[in-house]
Amino acid sequence: MTDSKIIKSKAKDNKQAKLPGKDSFSEWYHELLMTAEIVDNRYPVKGMCVWFPFGFALKKNVYAVIRELLDPDHQETQFPLLIPENEFMKEAQHIKGFEEEVYWVTSGGTTPLEVKLALRPTSETAIYPMFKLWIRSHADLPLRIYQIVNTFRYETKHTRPLIRLREITSFKEAHTVHATWEDAAEQVEVAISRYSEFYRRLALPFLVSRRPSWDKFPGADYTTAIDVIMPDGKTLQVGTAHHLGSTFAKTYEITYEAENGEQKLVSQTCYGISERCIAALISVHGDEKGLVLPWGVAPIQVVIVPILLGDKEKVLAVSRNLQGELAAAGVAVKLDTSDERPGAKFYKWEMKGVPIRLEVGPRDIEKGVVTLVRRDGAKKAVPLVGLVEAINKEAEELQAALYTKATNLHDAKVKETASIEEAKVQTQVGVALVPWCGAVECGHQLENQVEANMLGEPQYQSFPEAACAVCGKLSAGRTYMARQY
RNA sequence: GGGGUUGUAGGGUAGCCUGGUCCAUCCUACAGCGUUCGGGACGCUGUGACCUGAGUUCGAAUCUCAGCAACCCCA
């Protein structure tokens, strides 16, 4: 072999191994975010990323699903980014949880501010003083609002694009106010069911658990969380719902006049989802060829690649007709007429996670068909007549297949373990379900000895009695344990 | 919270220890032209970089300090 041949074959190898394998997850993840144009992490401030237009389009679609799920009984709103120090510092428990992570604005131009302003790390302390003004009577309740905003947290740990950021760009936070503690508890359940539906739409399986008391939201009575298991077996918290009780109501004096004329404290909840949902989406579904996007959120659902051989004008004309027909049917369609070879286009759009590709060439046109290729590899010839219906059917099947695949992966990563030793082994590769009597002391022991975090008690499930992995006491209690992002 | 590794063009690398001969190199980058086009085309001609700042020095990608940024590991 001559030198030039060696160089050529090496170049070819490089092309085919464009992304690192998914088993080196971290590397794969970072590379994919750049190559598929989701976010650019080269912005020169730690923990802050730039959304590429393509990534932003994906984000818009994903958040459209959230909006669709909340809008029937929540009102979208927007509160200011800056929170005055005096309001921020009112709620002691809350401050304790966040004060090390707050960015402060201390001057306006060259003038020092008399009252420092916090960049919201979350918005309770911005919103609740206003709730005090808005809520007067039982007729004002329940009140349910949400906003999608950026929040800032001075993370001291290592930051990761979309996962651990100093500027969370897309924090969807809902805040609700109720007459009673029970009403608020019910709202927490509603929140979890909406989030469950949201993740089902993204074809993402998840765990729901009640966080242990030492890991709940600062100021909350309890926290229920949703976690997705990432390819490396670590879990990513992708949604939380907090029952705030009357903690903030007391601090901010949020009261209402009951029907009997009595002034009562409200009960509150808040629940949130951030762009971590995009991180989960990308990580769970993606493969060595790049992104794999669910039909419902793909910025481009169908790409048409014309094979420009023979009668080029005819191929283009058919392609354009097809594009028009699909667009008219509400499909996000892209006709790729760029000056690249078809193979290069195939790889490009697979990297971008486009669910369905249509190839239109002279051979296809002759037979009155197009070649339809799904992102999961299935390839078939489909007649031009009735194509829209065929595509919709394929999209449904694709979504089902995606969910099945993800569910199988998920299930394989969760395992029941009886002892600390077993849990320690299991948390190296996934999530352990461990018998736990519920005692705080046993919980701390578990975390220390298993060397993993406790996600908390699984919700909506019951278990037979088993011996607590620490104290041996019989109980029906369980906890998920995992290494967490 | 602790430790480690690293920063060279759009991406990937070499050079750094031992300061000068460095116009470094490769590509999946970019631009132009031509031939091509059913799974990452090829040829030719070009383009483009030493993280920032201070210091040492006749001279710094290279040595020193600080900062910023990134990645990995452990708690």
Side-chain angles (χ1 to χ4, degrees), chain A residues 3-20 23-37 39-50 52 100-101 154-167 232 234 288-290 303-316 318-319 336-352 354 357-367 369-375 377-382 424 427-428 444 447-454 483-485:
Chain A
D3 284 358
S4 70
K5 271 186 185 165
I6 291 169
I7 288 167
K8 268 186 195 170
S9 79
K10 270 187 183 167
K12 203 177 175 194
D13 287 349
N14 284 343
K15 275 179 197 168
Q16 281 164 357
K18 182 118 192 181
L19 278 181
D23 44 342
S24 25
F25 171 65
S26 195
E27 224 179 304
W28 173 88
Y29 179 72
H30 283 276
E31 189 69 36
L32 178 57
L33 289 179
M34 282 297 284
T35 315
E37 296 181 311
V39 290
D40 193 330
N41 64 355
R42 291 173 300 181
Y43 189 74
V45 178
K46 184 181 170 67
M48 299 190 185
C49 288
V50 178
F52 282 112
E100 287 305 313
E101 297 187 356
Y154 185 76
E155 292 287 353
T156 52
K157 291 179 183 178
H158 280 126
T159 54
R160 254 194 193 82
L162 305 185
I163 290 177
R164 188 175 296 280
L165 296 161
R166 285 189 171 176
E167 180 186 9
D232 60 357
K234 289 163 87 170
E288 271 72 12
K289 284 182 170 177
V303 64
I304 302 171
V305 179
I307 310 297
L308 298 169
L309 286 173
D311 189 349
K312 295 181 185 180
E313 286 312 312
K314 176 138 193 220
V315 171
L316 270 179
V318 172
S319 301
D336 187 353
T337 53
S338 67
D339 192 24
E340 281 170 303
R341 293 160 69 97
K345 294 180 188 178
F346 299 163
Y347 281 98
K348 175 181 171 181
W349 296 114
E350 279 164 1
M351 173 64 69
K352 293 269 179 98
V354 176
R357 176 176 79 234
L358 300 177
E359 301 171 18
V360 181
R363 288 208 299 266
D364 299 304
I365 292 174
E366 220 172 278
K367 296 180 203 153
V369 300
V370 293
T371 303
L372 182 151
V373 183
R374 295 186 356 186
R375 182 59 179 78
K379 186 170 181 171
K380 59 182 82 165
V382 179
K424 202 168 168 178
T427 51
Q428 289 307 304
H444 289 315
E447 290 197 322
N448 287 334
Q449 293 184 33
V450 175
E451 293 173 354
N453 294 106
M454 193 178 263
R483 290 170 305 131
Q484 280 179 298
Y485 271 103

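Numbered from 1 within each chain, the chains take letters A, B, ... in sequence-line order.
Using a 4.0 Å heavy-atom criterion, one finds that A/R42 contacts the sugar-phosphate atoms exclusively. Contact annotation for A/R483: no contact, since no heavy-atom pair falls under 4.0 Å across all strands.
For the OP1/OP2 pair of B/rG38 and a distance below 4.0 Å, the side-chain nitrogens and oxygens of A/R341 include at least one atom meeting the criterion. Using a 4.0 Å cut-off, no side-chain N or O of A/T371 falls inside it from OP1 or OP2 of B/rG38.
Secondary-structure annotation of RNA chain B gives the stems B:1-7 with B:68-74, B:10-13 with B:24-27, B:29-35 with B:41-47, B:51-55 with B:63-67, with a stem taken as at least 3 successive Watson-Crick or G-U pairs whose two distances both fall under 3.5 Å.
In terms of position along RNA chain B, the nucleotide closest to A/L308 lies nearer the 5' end than the nucleotide closest to the other residue of the pair A/L308 and A/A344. Take the nearest nucleotide of RNA chain B for A/T159 and for A/E451: the residue whose nucleotide is more 5' is A/T159.
Looking at the side chain of A/T156, the nearest of the listed nucleotides B/rG38, B/rA75, B/rG1 is B/rG1. Listed candidates were B/rU36, B/rG40, B/rC71. Nearest to the side chain of A/P161 is B/rC71.
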Protein N or O to nucleotides 66-69 of chain B N or O, pairs below 3.5 Å:
from   : atom 1 : to    : atom 2 : distance (Å)
B/rA69 : OP1    : A/K46 : N      : 3.0

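On a pure distance criterion of 3.5 Å, a polar donor-acceptor pair joins the side chain of A/H158 and the base of B/rC71. Judged by distance alone, with hydrogens and angles left aside, A/E350 brings a side-chain donor or acceptor within reach of the base of B/rG39, the pair sitting under 3.5 Å.
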